[in-house]
Amino acid sequence: LGKQVAKEGFTGIEFASGIPGTLGGGVVMNAGAYDGELKDYIKWVEVLDENLEVVRLTNSEMEFSYRKSLVEKKGYIAIRACFSLEREDQELIDFKMRDFADRRRKKQPLTLPSAGSTFKRPEGFFAGKLIEDAGLKGYRIGGASVSELHCGFVVNDLDGTANDIYRLIKHIEKRVFENSGVKLQLEVKLIGDFLERD
Ligand SMILES: Cc1cc2nc3c(=O)[nH]c(=O)nc-3n(C[C@H](O)[C@H](O)[C@H](O)COP(=O)(O)OP(=O)(O)OC[C@H]3O[C@@H](n4cnc5c(N)ncnc54)[C@H](O)[C@@H]3O)c2cc1C
């Protein structure tokens with residue numbers, strides 16, 4: 001099966017196995033991993049618009065881009081989505097899902113609480129590498145730290161507060177910019193008010 005996958009490449013939405021969340025969140029965020037994105041398999045999405053009317057948006061009307069969509073921009077509510085998928089051998093699908101899960105377990109701090117990748121992948125760079133190059137591997141503020149396993153993840157490993165996490169994020173942004181000139185952008189969303197104390 002490994003040889004077959006190597007020859008045919010990874011097609012289908014197996015890449016999404018291991019991305020926690022709901023279909024709505026995945027569609028709205030255009031969730032993706034390992035070079036796959038949900039947008040490549042979505043035919044249409046039904047939303048409740050600002051007038052609470054049900055509207056069907058085609059793939060191009062959804063204006064998908066990296067972790068973004070029209071639904072997110074306009075504040076609509078996604079209620080249904082139609083995917084276009086090809087029938088495939090079940091053993092091959094299982095194989096691909098196991099392969100993606102193995103890669104995640106090896107490279108991501110899945111045993112610690114996190115919100116996933118903290119920052120978007122900057123064009124031409126990897127956020128984790130930029131953070132590691134800025135000397136921040138394992139860097140800690142209060143109960144939150146930069147994962148030793150994957151610097152792109154802020155983990156809450158010692159009962160950190162939202163404020164610890166926020167201050168750590170701000171520190172990472174500053175140090176990475178000083179070190180590489182790259183402005184990291186958040187992939188996670190902040191909710192509520194945060195205090196910046198140092
Ligand atoms: C360990 C870990 C690994 C992760 N790995 C990945 C990864 O590889 N790739 C990736 O893309 N993400 C990853 N994530 C992030 C997250 O799992 C995805 O973004 C996921 O798609 C979010 O789905 P959710 O249902 O939890 O949405 P939420 O996080 O609850 O919501 C995300 C946004 O969508 C909005 N929203 C949710 N549902 C709807 C709806 N029905 N209609 C309108 N708006 C809605 C919310 O208001 C919010 O703005 C990871 C997270 C963790 C913790």
Side-chain angles (χ1 to χ4, degrees), residues 10 12-59 61-83 96-123 125-129 131 143-157 159-160 162 164-166 168-169 172 184-192 194:
F10 279 97
I13 57 168
E14 290 85 355
F15 68 83
S17 76
I19 301 180
T22 60
L23 179 65
V27 167
V28 169
M29 295 295 290
N30 182 24
Y34 303 111
D35 294 330
E37 289 181 291
L38 287 187
K39 75 171 175 58
D40 295 330
Y41 302 90
I42 293 170
K43 274 176 88 168
W44 50 257
V45 180
E46 270 180 9
V47 300
L48 278 184
D49 71 6
E50 58 272 66
N51 305 313
L52 299 184
E53 305 274 345
V54 177
V55 178
R56 184 176 288 191
L57 300 169
T58 61
N59 182 295
E61 286 167 340
M62 279 292 288
E63 297 179 13
F64 287 116
S65 60
Y66 181 69
R67 305 293 175 265
K68 273 202 189 132
S69 69
L70 183 79
V71 175
E72 197 220 3
K73 216 158 62 188
K74 297 265 193 185
Y76 295 162
I77 297 172
I79 49 174
R80 281 207 312 166
C82 175
F83 282 68
K96 290 184 193 176
M97 287 174 65
R98 271 199 311 276
D99 182 77
F100 283 122
D102 285 348
R103 292 199 230 173
R104 269 180 195 276
R105 267 194 299 273
K106 276 186 203 136
K107 297 213 173 118
Q108 298 183 3
L110 299 184
T111 56
L112 294 171
S114 82
S117 295
T118 310
F119 300 98
K120 292 184 176 176
R121 184 195 287 188
E123 190 82 38
F125 299 94
F126 289 99
K129 173 89 170 50
I131 296 167
S145 68
V146 174
S147 164
E148 300 263 356
L149 190 60
H150 188 317
C151 291
F153 284 66
V154 166
V155 291
N156 185 353
D157 53 345
D159 248 347
D164 292 339
I165 293 168
Y166 181 70
L168 182 53
I169 285 173
I172 295 169
L184 290 177
Q185 292 198 339
L186 278 181
E187 180 160 327
V188 298
K189 294 178 181 204
L190 301 179
I191 298 171
F194 293 86

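Every number for a ligand or one of its atoms is a count from 1 in the order of the listing. All values below were derived from every heavy atom in this structure, side-chain atoms included, with hydrogens, water molecules and symmetry-related copies excluded.
When only interatomic distances are considered, the shortest N/O to N/O separation between Arg104 and ligand 1 falls below 3.5 Å. At under 3.5 Å, not a single nitrogen or oxygen of Ser114, backbone or side chain, sits near a nitrogen or oxygen of ligand 1. Ligand 1 has an N or O atom lying under 3.5 Å from an N or O atom of Lys189, backbone or side chain. Annotation: Glu72 places no N or O atom under 3.5 Å from an N or O atom of ligand 1; distance criterion only.
With hydrogens left out, the protein atom closest to atom 1 (C) of ligand 1 is Leu110 CD2, 3.8 Å, a heavy atom. The nearest protein atom to atom 4 (C) of ligand 1, hydrogens excluded, is given as Pro20 CD, 3.8 Å; this is a heavy-atom distance. The protein atom (non-hydrogen) at minimum distance from atom 26 (O) of ligand 1 is Gly21 CA, 3.5 Å. Summary of contacts: the protein heavy atom closest to atom 13 (C) of ligand 1 is Ile19 CG2, 3.7 Å. In this structure, the protein non-hydrogen atom closest to atom 32 (C) of ligand 1 is Met29 CG, 3.8 Å. Among protein heavy atoms, atom 31 (O) of ligand 1 sits closest to Gly25 CA, 4.6 Å. Scanning the protein heavy atoms around atom 42 (N) of ligand 1, the nearest turns out to be Ala78 N, 2.8 Å. Of the protein's heavy atoms, Val28 CG1, 4.0 Å lies nearest to atom 35 (C) of ligand 1.
Counting only heavy atoms, the protein never gets under 4.0 Å from atom 28 (P) of ligand 1. In this structure, atom 44 (N) of ligand 1 is in close contact with the protein, since a protein heavy atom lies within 4.0 Å of it.
One N or O on the side chain of Asp164 and one on the backbone of Gly143 form a donor-acceptor pair closer than 3.5 Å. Under the 3.5 Å distance criterion, the side-chain polar atoms of Tyr34 are left unmatched by any main-chain donor or acceptor of Glu14.
With a 4.0 Å cut-off on non-hydrogen atoms, Ser117 does not touch ligand 1 at all.
Numbered from 1 in the order shown, with element, the atoms of ligand 1 that lie under 4.0 Å from a heavy atom of Thr22 read 23 (O), 24 (P), 25 (O). Those atoms of ligand 1 that come under 4.0 Å of a heavy atom in Gly32, given as number and element, are 7 (C), 8 (O), 9 (N), 10 (C), 11 (O).
Between Asp99 and Arg103, at least one side-chain nitrogen of the basic residue sits less than 4.0 Å from a carboxylate oxygen of the acidic one, meeting the salt-bridge criterion. By the 4.0 Å N-to-carboxylate-O rule, Lys74 lies too far from Glu63 to be salt-bridged with it.
A heavy-atom separation below 4.0 Å is not found between Tyr34 and ligand 1.
Between Arg67 atom CZ and Lys39 atom NZ the span is 10.5 Å, to the nearest 0.5 Å.
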